[in-house]
Number of protein chains: 2
Amino acid sequence: MVLSIAKGSIPLYMQIKDLLVARVTEGEWAPGDIIPSEMQLARELNVSQGTVRKAITELVENNVLVRRQGRGTFVAAHDGDRALFHFFHIVNDSGTKILPESKTLSCRRKRASRQEVSKLKLPYGAQVVCIERIRKLDDQPIIIETIILPAESFGDLGKRQAGNLPNTLYELYETQFGITIHRAEEQLRAVAATDRDASLLGLDAGTPLLEIERTALTLGGTPVELRTSRCNTSRHYYQNTVL
Amino acid sequence: MVLSIAKGSIPLYMQIKDLLVARVTEGEWAPGDIIPSEMQLARELNVSQGTVRKAITELVENNVLVRRQGRGTFVAAHDGDRALFHFFHIVNDSGTKILPESKTLSCRRKRASRQEVSKLKLPYGAQVVCIERIRKLDDQPIIIETIILPAESFGDLGKRQAGNLPNTLYELYETQFGITIHRAEEQLRAVAATDRDASLLGLDAGTPLLEIERTALTLGGTPVELRTSRCNTSRHYYQNTVL
DNA sequence: TAGTGGTCTAGACCACGAG
DNA sequence: TCGTGGTCTAGACCACTAA
């Protein structure tokens, strides 16, 4: 990659951003890895430290990189904190947020439905991994989740029954399959509990549930997870901050 | 205000941020106003342009200021776009977002309930303005909204029946009452439609509705609006992006 | 102590908008 | 043409971390 500084071209720091993003998406630097120091990058790319700094600053704001003073700059990795603060929005009535414990009900493979093919941009007839689990908050079953993953990208997940899957799946995707979730789109609706919902959550059929349909994407923008959560919101709610 | 650069003190650009925020919250600069140029501020505060620039950059990311190349830097103001992109999240099934038309059902004053007193941090027994309206999307009544405002801050709103209120209330708060909404906290639940909900929305009682409880805050963090929206999500949904 | 990121400065030139 | 914000540079010093 050659940086160009021709008149009216894309700013240098933008080109550097793209270059750094490429090195992350192409796996040259993995999540948790340290990247070269600002001075090293500046020398390598023949720009000033300030220009590299500006590129890195924007990637930090973007949750792609993490800076640690005195240590260096690292590729952002999924830990429990990120799962809790960025990707989990259910809070109990007293306003405190805790990650629920999860119990895997099933984890198997099947042919993708028409909707799944379309949302995951899969070829017709592709296989998907289908996970169903139930999540407890304050010792009560509150959330039923159905998760769909493109089988091709997830090794042998779902081929053999795997027992209980870890609570923070995004950490699993990252460490086991080299797939990092970067952002997600959520669509929320109110729906009536089906008989199955009702029995799993200990409610009456027809009880209003909050349904969250999430599409999770990699840094490159590829959709890699479809997740439908149905939540009993009688003692919990979905918390969102609008800026 | 004197900027201090003592060892181990708060960085200069942070102090400048606070100072600029103060000038906005205290009304020295109103929404839509141009603020002094970076060079003018740098001279006034005896710092370099780069330091002022860094302060302003963060306030722009914070939606407090807006930069326009070649023109200057302005205090952010509420227009239809901001209402639509930042503060309205209901989208129809084909994924397009449009601001609903609103019909005001009532706008009157009353004594604040215990909950309203608590959430708006009002003195016991304070008056509030209570607005009820219904909002149409794609020509169908989809949302019922109840809005609570501290009467003290909103002049004579609700004293005389005011006919139909404008669609984008935050513009009204800003231009008529000098109150700028900066951010909001939303709590979402699934609830069953009451008889009144049902008749207003043309549904059966008990139909699941998405309830959004929003607390809107000024830049200073003072809560100034409580808004409860109940939405028919059979053909629409609440869209949220998770970063 | 050496190396990293964090803050701050001073000054150059570019791109845009208004008069 | 002038003033604004936008990009880029070069270099100083501070604060933190690890060896």
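When reading the values below, keep in mind they use all heavy atoms of this one structure, side chains included, and skip hydrogens, waters and symmetry mates.
- Donor-acceptor pairing under 3.5 Å is recorded for the side chains of A:Glu186 and A:Tyr238.
- Between A:Ile16 atom CD1 and D:dT7 atom P the separation is 12 Å, expressed in whole Å.
- At the phosphate of D:dG6, OP1 or OP2 sits under 4.0 Å from a side-chain N or O atom of B:Arg53.
- Put simply, CG on A:Leu65 is 11 Å from P on C:dG5, counting in whole angstrom units.
- Residue A:Ser37 places none of its side-chain N or O atoms closer than 4.0 Å to OP1 or OP2 of C:dG3.
- Computed from coordinates, the A:Tyr13 OH to D:dT9 C1' distance equals 16 Å when rounded to whole Å.
- The one candidate from A:Ile181, A:Leu149, A:Ile148 that meets the side chain to side chain contact (heavy atoms under 4.5 Å, CB included) condition with A:Val224 is A:Ile181.
- Of the candidates C:dT9, D:dT9, D:dC8, the closest approach to any side-chain atom of B:Val47 belongs to C:dT9.
- The side chain of B:Arg67 has D:dG6 as its nearest neighbour among C:dC8, D:dC8, D:dG6.
- Place B:Pro36 and A:Ser48 on DNA chain D by their nearest nucleotides, and B:Pro36 ends up nearer the 5' end.
- By the 6.0 Å and 45° rule, A:Arg82 does not stack over the aromatic ring of A:Tyr170.
- Listed nucleotides D:dT4, D:dC8, D:dT7 differ in distance to A:Leu12; the shortest reach to its side chain belongs to D:dC8.
- With sequence neighbours excluded, the residues forming a side chain to side chain donor-acceptor pair (under 3.5 Å) with A:Glu38 are A:Gln49, A:Arg53, A:Arg67, listed by chain and number.
- Between B:Lys54 and the phosphate of C:dC8, there is no side-chain N or O to OP1/OP2 separation shorter than 4.0 Å.
- A sub-4.0 Å separation between OP1 or OP2 of C:dG5 and a side-chain N or O of A:Gln49 is absent.
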*Evaluate the side-chain contact (heavy atoms from CB on, under 4.5 Å) criterion for residues B:Gln239 and A:Glu185: first the C-alpha distance (whole Å), next the side-chain angles of each, then the deciding distance (0.1 Å), finally the verdict.*
CA-CA 7 Å; B:Gln239 167 76 31; A:Glu185 299 288 335; 2.5 Å; yes
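- For A:Glu38 and D:dC14, the CD to P distance is 19 Å, given to the nearest whole Å.
- Within a 6.0 Å radius of CD in A:Glu152, no more than 12 heavy atoms belonging to other residues, nucleotides or ligands are found.
- In this structure, the CD1 atom of B:Ile10 is 11 Å from the P atom of C:dC8, given to the nearest Å.
- OP1 or OP2 of D:dG5 has at least one side-chain nitrogen or oxygen of B:Thr73 nearer than 4.0 Å.
- Taking atom CG on A:Leu45 and atom C1' on D:dC8, their separation rounds to 14 Å, with Å as the unit.
- Nearest heavy-atom pair across B:His182 and B:Thr218 is CB-C, 3.7 Å.
- Rounded to an integer number of Å, the gap from CE of A:Met39 to C1' of C:dA2 is 14 Å.
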Atom pairs, protein N/O to nucleotides 16-19 of chain C N/O, distance under 3.5 Å:
residue	atom	partner	partner atom	Å
C:dC16	O4'	B:Gln69	OE1	3.1

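- Between the CE atom of B:Met14 and the P atom of C:dC8 there is a distance of 9 Å, given to the nearest Å.
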